[in-house]
Every structure is written in structure tokens, then in C-alpha cells.
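Along the sequence shown, residues carry numbers from 1. Keep in mind it's a predicted model, so treat the numbers as computed, not measured.
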Amino acid sequence: PDDVGGFEVFVDDLDDVDVINEYLYLEELPSNLFSQTIKDKFPGIFEWLALQDINKYVILSLMLVVSIINMITALMILILERTNMIGILKALGSTNWSIRKIFLWYAAYIVGLGLIFGNLIGISLCWLQNQFGFIRLSEKDYYLSVAPIEMDFWTILLLNLGTLLITLLVLIIPSYLVSTISPVKAIRFK
């Protein structure tokens, strides 16, 4: 009657659970006792969390592909609308690279505005969820009553910088359209 039925060990980092479990089982516990991690006890939760990580990467990749396609389209439209201007700049002696830089800076401005407004909306929604918990979950299915939100400044900053950098690097290729424009033909069809 004086025996302990079990005890819990709390860890700071979930990645250390398996190492600590192995240490306890092999080094500390008598042979007639066993240890079990929370991952072993509730595997469904951790499978669900792993699935969420996969979803996160798929969604971010799709968003990046869509933004790249939209920006390529926007850049091509800008170049085609400004054909006359490109012809005049070439006739005045501008290099293809200097003209391409004009369009790349303008594309960076458009992407930057999109990131600013997207961040304002996204961070506001995350803050509202943290404060009021308006996105509810079924506790029976998810073991949580509201959807948790974790905002990390560095993650948000790196995502924004990565999106801007990747989009601009990809836009260098369609900006070659500027080199194909002949100054004589561009100025003639004003």
C-alpha cells in the first residue's frame, strides 16, 4: 500500500524526451518497472502535430509559388506597358541592366507593399486569436479548446526576407524581356 504507482518527469525541450526516457529505463529504474514517454502514451497527438508541420511547409511553398507567378505576370505587364519608355531610355544610351534595375526596384516596391499589408493583417489576426480565442476546436478531437498561436519575431522576419529575396531573384529572368526591345520599333509605335 505504500508503493508509488508512477511519477512524472517534466522536460524543458520535447526533443530530449526519448533520451531521458532511455536513461531512466536503463540506468535508474529497477528491472520490474518501466518508463513511458508522452509520445508513447498519446501517439495520436504527436502524429497530428507532425501532420501540421507538413501542412505548414506545403502551404508556405504554394504561397511562394503563387506570389512568384503573380509577380512575373505583373513585371511582364509593366515591361510591355512601358515599351515606349524603354525604347526612349535605350535611345538615350541607357544599358539594358540599368533599365532592368528600374523594373526590379518597382517589383521590390510592389512585393514590399504586399508583405507589409499581409503582415499587418496576419499578425492582427494572430493577436486577436491570442487575446480572444475566436477559433474554437473540439476538445474531444484536438485536446485543445482553442487554436494556439505562436508568433516568433525572427521567424516572421526571415519569412519576409526570404520571400522578398526569392521573388526578386526569380524576377531577374523575366526582366530579360527588356533586352529584346528594339529602341527604333518601341519609339515608332507610340
Side-chain angles (χ1 to χ4, degrees), residues 15 46-137 142 144 146-190:
D15 294 332
F46 291 95
E47 289 171 5
W48 179 74
L49 288 173
L51 183 64
Q52 296 306 311
D53 284 343
I54 292 170
N55 288 345
K56 174 176 62 175
Y57 295 122
V58 168
I59 290 170
L60 287 175
S61 299
L62 287 173
M63 288 171 54
L64 187 62
V65 166
V66 167
S67 71
I68 288 171
I69 291 170
N70 284 338
M71 282 310 301
I72 287 173
T73 305
L75 183 67
M76 292 178 85
I77 290 171
L78 285 171
I79 290 171
L80 293 175
E81 282 182 348
R82 303 286 186 203
T83 304
N84 190 27
M85 179 191 81
I86 293 169
I88 292 172
L89 288 173
K90 281 187 174 186
L92 292 174
S94 293
T95 63
N96 284 332
W97 177 241
S98 64
I99 298 171
R100 286 173 52 205
K101 281 196 302 189
I102 293 170
F103 288 101
L104 289 173
W105 276 110
Y106 194 65
Y109 172 75
I110 294 170
V111 171
L113 275 179
L115 287 173
I116 288 170
F117 286 116
N119 283 316
L120 282 175
I121 294 168
I123 291 172
S124 298
L125 287 173
C126 289
W127 181 81
L128 288 170
Q129 174 63 20
N130 269 342
Q131 296 299 313
F132 304 110
F134 58 88
I135 299 175
R136 300 264 180 221
L137 301 173
Y142 296 106
L144 297 166
V146 295
I149 299 289
E150 178 185 354
M151 289 189 294
D152 180 34
F153 171 76
W154 294 109
T155 303
I156 294 170
L157 180 67
L158 288 175
L159 274 171
N160 283 304
L161 290 176
T163 301
L164 181 65
L165 182 69
I166 290 170
T167 305
L168 288 178
L169 285 175
V170 170
L171 288 178
I172 289 174
I173 297 167
S175 72
Y176 276 109
L177 183 61
V178 169
S179 344
T180 63
I181 295 174
S182 165
V184 175
K185 290 180 184 175
I187 295 171
R188 184 183 308 154
F189 295 112
K190 183 176 177 183

Please tabulate, for side-chain N and O atoms in residues 110-122, each donor-acceptor pair with protein atoms closer than 3.5 Å (sequence neighbours left out).
{"unit_1": "Asn119", "atom_1": "OD1", "unit_2": "Asn160", "atom_2": "ND2", "d": "3.3"}
{"unit_1": "Asn119", "atom_1": "ND2", "unit_2": "Leu115", "atom_2": "O", "d": "2.9"}
{"unit_1": "Asn119", "atom_1": "ND2", "unit_2": "Asn160", "atom_2": "OD1", "d": "2.9"}

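- By the neighbour-count criterion of 12 heavy atoms within 6.0 Å, atom OH of Tyr57 is sparsely surrounded, having that number or fewer from other residues, nucleotides or ligands.
- Looking at every heavy atom in both residues, Ala107 comes nearest to Leu75 through CB-CD1, 4.4 Å.
- When all heavy atoms are compared, the tightest approach of Leu78 to Tyr106 is CD1-CD2, 3.3 Å.
- Scanning for side-chain hydrogen bond (donor to acceptor under 3.5 Å, both in side chains) contacts around Thr73 gives an empty result, with sequence neighbours left out.
- Closest non-hydrogen pair, Ala147 versus Gln129, comes out as O-NE2, 2.8 Å.
- Heavy atoms from other residues, nucleotides or ligands lying under 6.0 Å from CD of Glu150 number 12 at most.
- You'll find the side chain of Leu168 stays beyond 4.5 Å of the side chain of Met71, heavy atoms only.
- Side-chain contact between Leu177 and Phe103 is absent, with no heavy atoms from C-beta onward closer than 4.5 Å.
- For the atom pair Ser175 OG and Ile99 CD1, the distance stands at 11.0 Å (nearest 0.5 Å).
- The CG atom of Leu158 sits 6.5 Å away from the CG atom of Leu161 when rounded to the nearest 0.5 Å.
- Side-chain atoms of Leu60 and Leu64, non-hydrogen and from C-beta on, never get closer than 4.5 Å to each other.
- Closest approach of Pro183 and Ala91 over heavy atoms only: CB-N, 4.2 Å.
- Nearest heavy atom pair, residue Thr180 against residue Lys90, reads N-NZ, 4.5 Å.
- The shortest distance between side-chain heavy atoms of Val178 and Ile102 does not fall below 4.5 Å.
- Rounding to the nearest 0.5 Å gives a distance of 11.5 Å between CD1 of Ile69 and OG1 of Thr167.
- For the atom pair CD1 (Ile149) and CD1 (Ile123), the distance works out to 11.5 Å, reported to the nearest 0.5 Å.
- Residues Leu171 and Ile72 are in side-chain contact: their nearest non-hydrogen atoms beyond the backbone lie under 4.5 Å apart.
- Interatomic distance, Leu159 CG to Ile156 CD1, rounded to the nearest 0.5 Å: 8.0 Å.
- Counting non-hydrogen atoms of other residues, nucleotides and ligands closer than 6.0 Å to CH2 of Trp97 gives a total above 12.
- Annotation: Met85, atom CE; neighbour count of heavy atoms from other residues, nucleotides and ligands within 6.0 Å is above 12.
- Annotation: salt bridge (charged side-chain N to carboxylate O under 4.0 Å, His left out) contacts involving residues 56-83, sequence neighbours excluded, comprise Asp53-Lys56.
- Between Ala186 and Gly87 the shortest heavy-atom distance is CB-CA, 3.7 Å.
- Distance check: Leu144 CG to Ile135 CD1 gives 13.0 Å after rounding to the nearest 0.5 Å.
- When side chains are defined from C-beta on, Ile181 counts as touching Ile79, because their heavy atoms get closer than 4.5 Å.
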